[in-house]
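Comments concern the structure below.
In this text, all values refer to a predicted model and were calculated from it rather than measured experimentally. Lettering of chains follows the sequences in order, A, B, ..., and the numbering in each one begins at 1. The figures here come from the full heavy-atom set of this structure, side chains too, leaving out hydrogens, waters and symmetry mates.
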Amino acid sequence: MNTLKYKRPKGTRDIIPEEFELRERLIEKIKKSIRAYGYKFINTPTFEHTELFIRSIGDSTDIVEKEMYTFQDRKGRSYTLRPEGTAPVIRAFLENSIMPPAKLAYIMNMFRAERPQKGRFREFWQVGVEAIGIKDPLIDAEVIEMGYSILKELGAEKLVVLINSIGSIEERQAYKSALLDYLNEKEQDGSLELCNDCKRRKSRNPLRILDCKIDGPKLKDAPKLKEFLSSESLKYFEEIKTYLDKWGVKYREEPRLVRGLDYYNHTAFEIVSEKIGVEDTILGGGRYDSLVEDLGGPATPAVGWAFGLERIINYFYQIPRISGPFYFVATVNEFSKGYAIGLLKKIREWKIPSDMTYEPKSLKAQMKIADRLNAVKAVIVGEDEIKVQKVRVRDLETGKEVLVPEEELVRIYEEEMARRNKQEAI
RNA sequence: GUGAGAGUAGCUCAACUGGCAGAGCGCUGGACUGUGGCUCCAGUGGUUGGGGGUUCGAGUCCCCUCUCUCACCCCA
């Protein structure tokens, strides 16, 4: 076991059949919901020029500083496995001359070299949306409402929407220096001693100091971000809240909510779940009005979010037991096996999941395998059946058997599937 | 990057202060040679993650190393 020669790289996951089926179902549901809001899906390459991420995310962010998988090709050019989806989607939006307003969505895997832990991986899948070219509180509100509704439809529990406005880049800059002045003053007169983390935060992301568990409480009288927002910024934020109220989306205003990527401005939001005691972020997003221009396009406002597929599955789903083949064909001797091979070929042409044992086994052993595979029905083909040109179909749940002509297998399958769909709908 | 915990059969886990490596589940076969699940019986199972050290003797103690998990930072 631990002597295995090869193991998966740290922080990566194998998606075994049971989870694969669950994922497929969830993804179908997600796509349907997102399309209902007018979005179209897009895919971008797994890796991009490293510069794209440094320019967009910001060179002093954690992602760029220490979490990117960056490598060089044979010509010495630097590429990076995408750590997030927004910059690549915007790049693709520009490169393919997609006209705004554009609503683009994606389901793509991302890569970050973090230390893995619960709900956190080095390769993980994100579902994301980007509404490009629209600047109105209504779209911010709609984007938030959509994220909330989708998570709810997916069965996520105890969701809380956290929102904040971090103002324009200029407003935030002014606030940042005011906050730093305040901190420096306090440190110099000896009334404040920041923890080591916060000393680092001062140069990297001072806004986060307010949220520090150690230092945050000591900073009650620090300047507030809101005091630095213009009346337009405040009005924009108020209107978003009005729409959310109208739609009945419950939110909590979180003045200290900031986002870790440089390109965000004005609206910032997160959706967390309190399911496991502590709040854990499932979805994060915000407005980024300067990114398109930063990447060389015309000034174009945009807003979007992303959520982690694994977090949804980890927190809210049990990996199901999946059903095996619908028909498991069992034989009694070499002669009937020859017949069964032909039958199986027909069943497969009807696209009904089916299987058999390849090595010779007793009927008993075959039934055992059918049971273990969680097959729905066993089709027993023996000399008695062949003689009357019929097959014996045994329901593996009830044990009831019927003797029917081969063609009936299609009808039995369809009826069973119809019954199951009906049950699922309830 | 920082801190904590854990590695024993395919899986879940036992093994008193160092003293013969075990159980359940699984798997294979049988009781039942054309019928699965339940029961009973038998069989199958191991470099105790790896390396070194202490000892008459190490799964157990010490050192190194690898892997996994959780938390912090940060994030989805």
_Taking the P atom in each of B/A23 and B/G45, what is the distance between them to the nearest angstrom?_
13 Å
*About how many Å separate CG of A/L409 and CG of A/L343, when rounded to the nearest 0.5 Å?*
6.0 Å
*Would you mind classifying the nucleic acid contact of A/E310 as base, sugar-phosphate or nothing, using non-hydrogen atoms under 4.0 angstrom?*
nothing
_Is it the case that atom CD in A/E185 sees more than 12 heavy atoms from other parts of the structure closer than 6.0 Å?_
no
_When both hydrogen-bonding distances must be under 3.5 Å and the geometry is Watson-Crick or G-U wobble, what is B/G43 paired with, if anything?_
B/C27
*Euclidean distance for P, B/G10 against B/G50 (whole angstrom)*: 13 Å
*asked:* Considering every strand and a 4.0 Å limit on heavy-atom distances, what is the contact class for A/I63: base, sugar-phosphate, or nothing?
replied: nothing
*asked:* So, OP1 or OP2 of B/C70: does either fall under 4.0 Å of a side-chain N or O from A/Q117?
replied: no
*Interatomic distance where CD belongs to A/E130 and P belongs to B/A76 [whole Å]*: 12 Å
*Using a cut-off of 4.0 Å on non-hydrogen atoms, how would the nucleic acid contact of A/R259 be classed: base, sugar-phosphate, or nothing?*
sugar-phosphate
*Heavy atoms under 4.0 Å, any strand shown: does A/E123 hit a base, just sugar-phosphate, or nothing?*
nothing
*Could you identify which residues of residues 363-373 of chain A place a heavy atom less than 4.0 Å from some atom of RNA chain B, listed by residue number, or say none?*
A/L363, A/K364, A/M367, A/K368, A/D371, A/R372
*asked:* Just so I know, are the side chains of A/V129 and A/K103 near enough to count as touching, which here means a heavy-atom distance under 4.5 Å?
replied: no
*Using a cut-off of 6.0 Å, state whether more than 12 heavy atoms not belonging to A/R201 lie near its atom CZ.*
yes
*Between A/R115 and A/K400, which is nearer to the 5' end of RNA chain B once each is assigned its nearest nucleotide?*
A/R115
_Looking at B/G7, which nucleotide sits across from it as a Watson-Crick or G-U wobble partner, both distances under 3.5 angstrom, or is there none?_
B/C66
*Can you tell me, in whole Å, how much space there is between the C1' of B/G59 and that of B/C72?*
33 Å
*Searching all strands shown, indicate the nucleotide that pairs with B/C13 (Watson-Crick or G-U wobble; both distances under 3.5 Å).*
B/G22
*Minimum-distance nucleotide (side-chain atoms of A/R112 versus B/C72, B/A76, B/G34)*: B/A76
*asked:* What's the gap between B/U69 and B/C27 when it is taken at their C1' atoms, as a whole Å value?
replied: 29 Å
*Base-pairing assignment for B/U60 (Watson-Crick or G-U wobble, both under 3.5 Å)*: none
*Expressed as a whole number of Å, how far does the P atom of B/A71 sit from that of B/G30?*
49 Å
*Round to the nearest Å and state the distance from A/K7 atom NZ to B/G50 atom P.*
12 Å
*Flag yes if more than 12 heavy atoms outside A/F20 fall under 6.0 Å of its CZ atom; otherwise flag no.*
no
*May I ask you to say what A/G128 touches in the nucleic acid, namely base, sugar-phosphate or nothing, with a heavy-atom cut-off under 4.0 Å?*
nothing
*Go ahead and name the base partner of B/U55; Watson-Crick or wobble counts if both distances stay under 3.5 Å, otherwise write none.*
none
*Whole Å only: how far is the CD atom of A/Q126 from the C1' atom of B/C75?*
9 Å
*Just how far, in rounded Å, is P of B/A76 from CE of A/M110?*
10 Å
*Pick the P atom in B/C38 and in B/G26, then give their distance to the nearest Å.*
7 Å
*Is the A/Y79 ring parallel, tilted or perpendicular to the A/F47 ring (thresholds 30°, 60°)?*
perpendicular
*Using a distance-only test with no angle check, is there a side-chain donor-acceptor pair under 3.5 angstrom linking A/S273 and A/E157?*
no
*Euclidean distance, atom CG of residue A/N374 to atom P of B/G36 [Å, nearest integer]*: 17 Å
*For A/F307 and B/A76, do the ring centres fall under 5.5 Å apart while the planes stay under 30° apart?*
no
*So does A/E397 reach the base of B/G37 with its side chain, donor to acceptor, closer than 3.5 Å?*
no
*Counting heavy atoms from C-beta on, name the nucleotide in B/U35, B/G36, B/C73 closest to the side chain of A/E401.*
B/U35
*For B/G34, which nucleotide in any strand shown is its Watson-Crick or wobble partner with both distances under 3.5 Å?*
none
*Please give, in whole Å, the distance from B/A76 P to A/I313 CD1?*
18 Å
_Distance (rounded to the nearest 0.5 Å) between A/I57 CD1 and A/E84 CD_ = 4.5 Å
*asked:* Could you tell me the Watson-Crick or G-U partner of B/C73, where both distances fall under 3.5 Å? Say none if there is no partner.
replied: none
*Paired with B/U48: which nucleotide, if any, by Watson-Crick or G-U wobble criteria at under 3.5 Å for both distances?*
none
*Would you tell me if any nitrogen or oxygen in the side chain of A/R311 comes within less than 4.0 Å of OP1 or OP2 on B/C75?*
no
*asked:* Any base atoms under 4.0 Å from A/E270, or only sugar-phosphate, or nothing? Heavy atoms, all strands.
replied: nothing
*In terms of side-chain heavy atoms of A/P116, which of B/G34, B/U69, B/A76 is nearest?*
B/U69
_Base, sugar-phosphate or nothing for A/I380? Non-hydrogen atoms, less than 4.0 Å._
base
*In whole angstrom, give the distance that lies between atom CG of A/L257 and atom C1' of B/C74.*
14 Å
_At 4.0 Å (heavy atoms only), tell me whether A/D384 reaches a base, stays on the sugar-phosphate, or touches nothing._
base
Using atom types as modelled, flag every donor-acceptor pair under 3.5 Å from a side chain in residues 248-257 of chain A to any protein atom, sequence neighbours excluded.
from	atom 1	to	atom 2	distance (Å)
A/Y251	OH	A/D245	OD1	3.2
A/Y251	OH	A/D245	OD2	3.4
A/R252	NE	A/E254	OE1	3.4
A/R252	NH1	A/E279	OE2	3.3
A/R252	NH2	A/E254	OE1	3.2
A/R252	NH2	A/E279	OE2	3.1
A/E253	OE1	A/K241	NZ	2.7
A/E253	OE2	A/K226	NZ	3.0

*Would you mind classifying the nucleic acid contact of A/G284 as base, sugar-phosphate or nothing, using non-hydrogen atoms under 4.0 angstrom?*
sugar-phosphate
*Can you tell me how far C1' of B/C68 sits from CZ of A/R122, to the nearest Å?*
13 Å
*asked:* Can you confirm if the NZ or CZ of A/K224 lies within 45° of the ring axis of A/Y175 and under 6.0 Å from the centre of its six-membered ring?
replied: no
_Do the side chains of A/E414 and A/R411 get close enough for a salt bridge, i.e. N-O under 4.0 angstrom?_
no
*Distance between the C1' atoms of B/G53 and B/A58, in whole angstroms?*
11 Å
*On a whole-Å scale, what distance lies between the P atoms belonging to B/A31 and B/G24?*
23 Å
*What is the nucleic acid contact for A/R120, judged by heavy atoms within less than 4.0 Å: base, sugar-phosphate only, or nothing?*
base
